[in-house]
Structure formats: C-alpha cells, structure tokens
Trainee: 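Pasting a structure here, questions to come.
Only a predicted model underlies this, so the values are computations on that prediction, with no experimental measurement involved. As the structure lists them, so they are numbered: ligands from 1, and atoms in each ligand from 1. The first residue of the sequence shown is numbered 1, and numbering continues consecutively from there.
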Amino acid sequence: MERDENRDTIRDTIRLVLAPMAGYTDGPFRRICAENGCRETVSEMISAAALHYKDKKTASLARILEGEGPVTFQIFGHDPVMMAEGAEILLTGGYEGCRYAADPAGIDINMGCPVRKITSNGDGSGLMKTPELAAKIVEAVKPVCVRYGKPLSVKIRAGWDKDSINAPEMAVMLAQAGADRVSLHCRTKEELYTPGIRLEVLADTIAALRKAAPACEIVGNGDINTWADAMTMLDMGCHGVMIGRGALGNPWIFRQILEAAAGQTPFEPTERQRREMAARLVREVVAEKGETVGIRESRGRAAYFIHGLRGSAKMRDRLNHAATMTEFLAILEEGGDMPCDEGETK
Ligand SMILES: Cc1cc2nc3c(=O)[nH]c(=O)nc-3n(C[C@H](O)[C@H](O)[C@H](O)COP(=O)(O)O)c2cc1C
C-alpha cells in the first residue's frame with residue numbers, strides 16, 4: 001500500500017493501543033488516553049492466581065471507570081485452568097471489589113513480562129521458553145472469550161534471548177490455538193527495555209502470520225514516541241501500534257498520531273497544559289485510591305509530565321516531599337516560576 005493511501009486507512013482504522021504498564025495504566029490514566037484518541041487501553045497485569053484466591057487488593061485492578069474507552073484486561077500466569085478461570089472472572093466482573101462502568105473489551109495474556117519474580121514461575125516471558133504451554137493457555141482461555149463474544153490477544157516478546165528468537169513461530173502457534181491478535185514487543189526478554197528494537201523480527205512475524213494465520217492481527221510495540229515511529233510499523237503491515245512509555249508524560253501522543261495521519265500539524269501541549277494534566281491525574285488517582293496511596297503513586301507519574309520543563313528538577317524534588325494532595329497540586333500550579341538553584345536550567 002502506498003504511504004498516502006496507508007495514511008487514509010490508518011486515520012480510520014488504526015488500532016492505537018495503550019500498552020499495559022503495571023503501576024501506570026490504571027483507570028484514571030486510561031481515561032485520559034482514551035479522551036486523547038487512544039482506541040483501546042490495556043489494564044495493568046492481573047494475576048490469575050490472585051483472582052482464583054480472591055485476593056482483595058487485586059480487585060482494585062479490575063475496574064473500569066466512567067468515561068473510559070474500550071479496556072482490555074491483561075492476565076498473567078502459567079496454569080491453563082486458572083487462566084481460563086481468571087478470564088471468566090474478569091469478563092463477568094463476578095468478584096467482590098470489581099467495578100465496571102462498561103463491559104471489558106477483551107482479554108490479553110501476558111507473555112512478555114521480564115521480571116524475575118514472574119518468569120521464575122514460568123509466567124510472563126517465561127512462556128516464550130514453553131510455546132506448547134503458551135498455546136495450551138490460549139486454547140483454554142479462548143472458549144471463555146468466545147462465550148462472552150470478546151477477542152483474545154497475546155502479548156509476546158521477540159524471544160527469550162538473542163539466541164532463541166522465536167516470535168514468528170510462536171505467533172503462528174498462538175494464532176492457530178485461537179489468539180485473535182498478537183502484540184509484539186520487539187525486544188527479547190534479556191534486552192528488557194534497552195534502546196533499539198528488532199524490526200526484522202516484527203517483519204518476520206508479520207510474514208509468518210500472513211502465510212499461516214492471516215485472520216490474526218498483529219500490533220507492533222516498542223519505542224514508539226512519534227508519528228514517524230508509528231508509521232514505520234504500520235507501513236510494515238501491522239494492524240496497529242501499542243504505545244507504552246511514550247504516553248506516560250504525553251497522553252496526547254494518540255491524537256498527535258491521528259492528526260499527523262490526517263496531514264494536520266500535531267497538537268503540542270503547552271507547559272501549563274502539561275502541569276494541568278498532571279494535576280488532573282493526581283486528583284483522579286487520589287479519588288480512586290485515597291490520598292496516601294494516590295500521592296505516593298503520583299510522584300513518579302507527575303515527573304513524566306513535567307520532564308524537561310523549566311524548574312522541573314526542583315519541582316520533582318518538592319513533589320517527592322509533598323504529603324497532601326493540596327500541597328501536590330499547589331506545586332504543580334506554581335510550576336517552574338519558583339526560583340531555580342544556581343546553575344539549574346530545568
Ligand atoms: C513500568 C512498566 C510497566 C510495565 N508493565 C507491563 C505489564 O503489566 N504487562 C505487560 O505486558 N507489559 C508491561 N510493560 C511493557 C510495556 O507494555 C511495553 O511492552 C514496553 O514498555 C515497550 O513499549 P514502549 O517502548 O512503548 O514503552 C511494562 C513496561 C513498563 C515500562
């Protein structure tokens with residue numbers, strides 16, 4: 001497809017997805033992204049075992065707030081029966097503490113988390129080493145998704161390490177087991193989040209799926225920070241792109257991509273708009289989780305919004321010491337207008 005023709009299609013049909021990020025993609029942030037052009041968001045990862053044991057804290061992850069767009073719930077684990085049960089619990093909301101303002105959009109299975117605590121159980125990217133088990137999990141979860149009329153996606157990595165790249169074969173296996181979509185984070189588990197992605201693995205995965213499982217969609221992920229980054233993956237043949245860290249201080253990235261696709265000048269938030277959005281996020285997180293947890297969680301998150309602004313180092317330091325929401329909001333309102341330390345430029 002020619003680039004311009006591709007742009008038209010993209011404007012209308014592109015799957016612009018917010019990547020799941022533990023500690024970040026909660027309801028308030030997902031809602032902000034949805035308001036800014038994101039067409040689907042994915043929850044923080046939710047443990048299937050914790051759902052099975054009715055863990056109280058886990059219920060707070062199973063929420064969809066008023067005003068959110070389509071939300072897919074992501075589960076992790078390695079036991080096919082427990083994963084199917086987890087999907088069922090999340091799709092029905094049959095769990096004390098679940099709160100849904102709208103139906104979940106689907107289920108995603110985490111096969112990419114590189115954290116040792118997760119992989120040592122064979123969960124997350126541990127499943128990249130056990131493709132047969134990964135396929136069994138998909139086979140077990142699929143009928144649950146079908147019963148509720150929801151799509152099933154899987155999120156994989158390029159492979160475990162550079163000597164065991166298996167995303168193309170794994171994607172085909174998972175598609176043939178019933179996955180409707182594969183999202184590929186184009187790095188190995190060993191590469192964690194280091195800069196640079198393996199676009200050649202994405203190309204091979206697209207080709208493999210086209211040949212063996214053409215109904216399965218593929219979404220590219222990794223280091224998408226601009227419209228041009230998104231376009232690179234879309235031009236390769238992805239059905240969509242999934243954005244993680246690029247959205248953390250810039251939830252406008254989704255509308256920026258859509259505007260660029262429409263040939264418009266992409267929206268650029270002002271310094272004030274960035275501080276105001278950080279303030280909105282804090283208010284909404286506190287409303288959801290209470291002041292103590294809300295403030296603690298908001299420190300790092302607000303830092304993304306103010307990164308690079310005048311006086312941001314000092315602002316960040318003050319935010320780290322703010323004990324109440326009133327204090328937190330006052331610092332964001334004041335912005336970089338307070339005096340900088342000698343030699344400090346931002
Ligand atoms: C703080 C953080 C938390 C993450 N949590 C999850 C998670 O819960 N589930 C998951 O599949 N991936 C998780 N990821 C990986 C992202 O979804 C994404 O694949 C990765 O960040 C690469 O995309 P990016 O370069 O756009 O950030 C996390 C990444 C970060 C930085």
Trainee: Whether Arg255 engages the ring of Phe267 as a cation-pi pair (distance to the six-membered ring centre under 6.0 angstrom, angle to the ring normal within 45°) should be assessed.
Mentor: yes

Trainee: What residues form a ring-ring contact (aromatic ring centres under 6.0 Å, His included) with Tyr100, not counting sequence neighbours?
Mentor: Phe73

Trainee: Enumerate the protein residues lying less than 4.0 Å from ligand 1, judged by heavy-atom distances, in chain and residue-number order.
Mentor: Ala19, Pro20, Met21, Ala22, Tyr24, Met45, Gln74, Asn110, Lys155, His185, Tyr193, Asn221, Gly222, Asp223, Ile243, Gly244, Arg245

Trainee: Linking directly or through intermediates, with side-chain heavy atoms under 4.5 Å: list the remaining ILVMFWY members grouped with Tyr193, chain and number order.
Mentor: Leu192

Trainee: Output all residues satisfying side-chain contact (heavy atoms from CB on, under 4.5 Å) with Ala167, sequence neighbours left out; order by chain, then residue number.
Mentor: Ile156, Leu184, Val201, Thr205

Trainee: Answer yes or no: is there a side-chain heavy-atom contact under 4.5 Å between Glu88 and Tyr148?
Mentor: yes

Trainee: Is the closest side-chain heavy-atom distance between Phe29 and Arg301 below 4.5 Å?
Mentor: yes

